[in-house]
Structures are given as structure tokens and as C-alpha cells.
Amino acid sequence: MWRQGGRLALGCDTENAGDAIDGLRAAALFAGLAKDTGADPTEFGAHHAFELLTIAGAEAVGMADRIGSLEAGKAADIVVIDRSGIQWQPPSPDPILQLVWAGGGRSVADVLVDGRLVVDGGRCTTVEAESLRAEAREAAQQIIHRSGIQPRSRWPMR
């Protein structure tokens, strides 16, 4: 599809595929898998995958006139990355390569969604996280109890 000019997008809409809703992890996986095929490993890379998360993704779903890039008149979701972590050292002259291959959600400092600050200094501003964690733990225990299944670790394997 890529070679033929097909519309492609990357994103995450559920946690059932590894419990990590992290578009940058999806981009790294997609770019890595593309390099692991029989095709030219330079044909598709981190920059292409990042575009599938942003403007190319918006184009693929027919919304490039409203989202996908920082432009006047578009709904802007802005993610501010903290580049002080070890995964950013030494700093690359190409931050997109580091963002896709090493950044991920662990590096998010602030997030603005349509102008509203929803993550501030790595903390969600719209949800009381500790009470949500407690509620999730309790719900998980209830589900396990009702199922009658006793989960066990499958590690170590021997």
C-alpha cells in the first residue's frame, strides 16, 4: 500500500494490544517491521511513521483540513516532550529519530488538547489518578473473584 500511494494512518484506540496506548511505540514497531521485510530497509523509516501519526494520518481519514498539523484554524493537540531523560542522551541532531525510536509516552511532560491543558508536568489534570487507580484495582479483584479463575504468573518459564 505504501509503495502504491495508499492512504495509511497509525494510531492507538484501545489497550487490548499490550496495555500501552502510545502512538510513538506503534510508530517504532511499524517502522521496525518495515525494515525487517525483504524490501529496501531505507524505504520506510521513523520520519514516515511519525507522519502517519500526524498529517498523513489525518489525510488518510479525510480530516487533514482540521487536524494533523499545527496551523491556524486547525484543532491543535500539542504534546510537549521532556528531553532530559537518559533516552535523549546524547541529543540527536534529528529529534524525530530519537522521538520515534527512544521517546515514547515516558517523555511526555505536557499535553494540550484543543488549547486545554490536560497533562501538566506529567500529571493528568482531568482525572484524580489515585482514586482511579484504587477503583481499577478493586474492579479487577471483583472480576477475578467472580470468574473463579486464580491468575498466576507464567514467569519464570522453567
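Residues R137 and E130 are paired through a salt bridge, judged by an N-O separation under 4.0 Å between the basic side chain and the carboxylate.
Rounding to the nearest 0.5 Å gives a distance of 11.5 Å between NE2 of H48 and CG of L8. Rounding to the nearest 0.5 Å gives a distance of 7.5 Å between SG of C12 and CG of L53. How far CD1 of I55 is from CZ of F50: 11.5 Å, rounded to the nearest 0.5 Å. Atom CG of residue L52 and atom CZ of residue R7 lie 13.0 Å apart, to the nearest 0.5 angstrom.
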**Request:** List the steps, then state whether side chain to side chain contact (heavy atoms under 4.5 Å, CB included) holds for I96 with H47.
**Result:** CA-CA 7 Å; I96 294 298; H47 298 89; 3.6 Å; yes

**Request:** Decide yes or no on side chain to side chain donor-acceptor pair (under 3.5 Å) for D82 and S84, but give the supporting numbers first.
**Result:** CA-CA 6 Å; D82 175 3; S84 66; 2.7 Å; yes

**Request:** Quick one: do I81 and V108 satisfy side chain to side chain contact (heavy atoms under 4.5 Å, CB included)? Show the steps, please.
**Result:** CA-CA 5 Å; I81 301 296; V108 172; 4.2 Å; yes

**Asked** Hey, mind stepping through R83 and S107 against side chain to side chain contact (heavy atoms under 4.5 Å, CB included) and telling me if it holds?
**Response** CA-CA 7 Å; R83 294 181 64 195; S107 299; over 6 Å; no

**Request:** Report the C-alpha separation of D22 and R106 in whole Å, then their side-chain angles, then the decisive distance to 0.1 Å, and conclude whether the side chain to side chain contact (heavy atoms under 4.5 Å, CB included) test is met.
**Result:** CA-CA 9 Å; D22 186 335; R106 300 176 312 273; 5.7 Å; no

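Annotation: E135, atom CD; neighbour count of heavy atoms from other residues, nucleotides and ligands within 6.0 Å does not exceed 12.
Of all non-hydrogen atoms in T126 and C124, the two that sit nearest each other are OG1-SG, 3.2 Å. The heavy-atom pair separating A49 from F44 by the smallest distance is N-CZ, 3.7 Å. The two atoms that bring A64 and K74 nearest to each other are O-NZ, 2.7 Å, heavy atoms only. Nearest heavy atom pair, residue A26 against residue L10, reads O-CD1, 4.3 Å.
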Show me the donor-acceptor pairs, under 3.5 Å and distance only, between side chains in residues 27-35 and residues at least two apart or in other chains.
residue, atom, partner, partner atom, Å
K35, NZ, P41, O, 2.7

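Both V79 and W88 belong to a common hydrophobic cluster when Ile, Leu, Val, Met, Phe, Trp and Tyr are linked at side-chain heavy-atom distances under 4.5 angstrom.
Counting heavy atoms from C-beta outward, V119 and D110 have side chains that stay 4.5 Å or more apart. Side chains of L70 and I78 form a contact here, defined as non-hydrogen atoms less than 4.5 Å apart.
Between the S69 side chain and the E71 main chain, no donor and acceptor come within less than 3.5 Å of each other. Under a 3.5 Å cut-off, the side chain of Q98 and the backbone N or O of P90 do form a donor-acceptor pair. Within the 3.5 Å criterion, the main-chain N or O of D114 finds a donor-acceptor partner in the side chain of D77.
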